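Whatever order the structure lists ligands and atoms in, that order sets their numbers, starting from 1. All values derive from a computational prediction rather than experimental measurement.
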Amino acid sequence: MHDIVSKTDLRAELLGRRAAMPPETRAEAARPIRDALLSVPEVEMAGTIAAYASIADEPDTRSLLFALWKRGTYVLLPRLLPDGDLDWASYEGPDSLVPGAGGCPEPSEPPRGTGAVASADVVLVPAVAVDRTGMRLGRGGGSYDRALARVGPAILTVALLYDGELVRNLPAEPHDRRVRAAVTPSQGLLRLT
Ligand SMILES: Nc1ncnc2c1ncn2[C@@H]1O[C@H](COP(=O)(O)OP(=O)(O)OP(=O)(O)O)[C@@H](O)[C@H]1O
Ligand SMILES: [Mg+2]
């Protein structure tokens, strides 16, 4: 069914669903997502993880970032560049985040360049939905399509979703990049490719 729906319409529908979720449902999603990710072997083993600080209605990543940092994982977070691309800098705890250009909390540490994402052993990305093949729908800037294009094929890339956001089929354009897995509160990590 999603084949005939435009990305824009689908994105609006999915974001509308998120906005209509009871705040408790949103809040309750953060912990199972965090706990599922913290026990994934690749995440446990990772020296460096590229992640993101959640905004708006996204599943909250604060306690996940904190837990990774506390256990000694080197965490990279994006800084939005004027052209929509993502630069990356080190997360050094909750006090190291400052309000960024696009309204997202961003790391205040020195930027390491757009290519720094390629040094991550695991890459965690936001998404509005992911389909069974790993195709991902984001917020529409193409920022993560650019970042994911720099990540090697063996790297575990994971989109963080609420229940119901893993869908059968998403529209895709040539620039769209797949993720290898998704994590949801009820199902934990789902490997897709
Ligand atoms: N590699 C790229 N270089 C330049 N622009 C790009 C690239 N990839 C995507 N874009 C631009 O971004 C726009 C939005 O892309 P798309 O709808 O796939 O975003 P998205 O995947 O939903 O968002 P995001 O990846 O930021 O979460 C595209 O119309 C395209 O012009
Ligand atoms: Mg895309």
Tell me whether H175 has any N or O atom under 3.5 angstrom from an N or O of ligand 1.
yes
Return the residue, atom name and 0.1 Å-rounded distance of the protein heavy atom closest to atom 21 (O) of ligand 1.
D145 OD2, 2.8 Å
Suppose we measure from atom 17 (O) of ligand 1 to each protein heavy atom; which comes out shortest, and what is that distance?
R11 NH2, 3.0 Å
Please compare G141, A149, S143, P171 and report which has the shortest non-hydrogen distance to atom 11 (C) of ligand 1.
G141
Examine G138 against ligand 1 and note whether any of their N/O atoms are separated by less than 3.5 Å.
yes
Can you list the ligand 1 atoms lying under 4.0 Å from a non-hydrogen atom of R139?
22 (O), 23 (O), 27 (O)
Applying ring-ring contact (aromatic ring centres under 6.0 Å, His included), can you list everything that pairs with F66, at least two apart in sequence or on another chain?
W69
Taking the side chain as C-beta and beyond, is there a heavy-atom pair between I49 and V123 under 4.5 Å?
no
Determine whether any heavy atom of R136 lies closer than 4.0 Å to an atom of ligand 1.
yes
Just to confirm, does any protein heavy atom lie below 4.0 Å from atom 31 (O) of ligand 1?
no
How far is atom 1 (N) of ligand 1 from its nearest protein heavy atom, and which residue and atom is that?
R146 CG, 3.2 Å
Mind checking whether E28 and P23 have side chains closer than 4.5 Å, heavy atoms only?
no
Considering only heavy atoms, does D176 approach ligand 1 within less than 4.0 Å through its side chain, its backbone, both, or neither?
side chain
To the nearest 10°, what's the angle at the Mg ion (ligand 2) between atoms OD1 (D176) and OD2 (D145)?
100°
Looking at E165 and R18, is any side-chain nitrogen of the basic one under 4.0 Å from a carboxylate oxygen of the acidic one?
yes
P174, S6, G142: member with heavy atom nearest to atom 19 (O) of ligand 1
G142
Let me see the working for V125 and T157 under side-chain contact (heavy atoms from CB on, under 4.5 Å), right down to the final yes or no.
CA-CA 7 Å; V125 301; T157 53; 5.8 Å; no
Taking the side chain as every heavy atom from C-beta outward, state whether L170 and V167 have any pair of such atoms under 4.5 Å apart.
yes
L160 CG to L64 CG distance, which is reported to the nearest 0.5 Å
7.0 Å
Would a 4.5 Å heavy-atom cut-off, applied to side chains only, mark L15 and V128 as touching?
yes
Evaluating non-hydrogen atoms only, which member of G84, G140, A129 is closest to atom 20 (P) of ligand 1?
G140
List the residues meeting salt bridge (charged side-chain N to carboxylate O under 4.0 Å, His left out) with R180, not counting sequence neighbours, and say none if there are none.
none
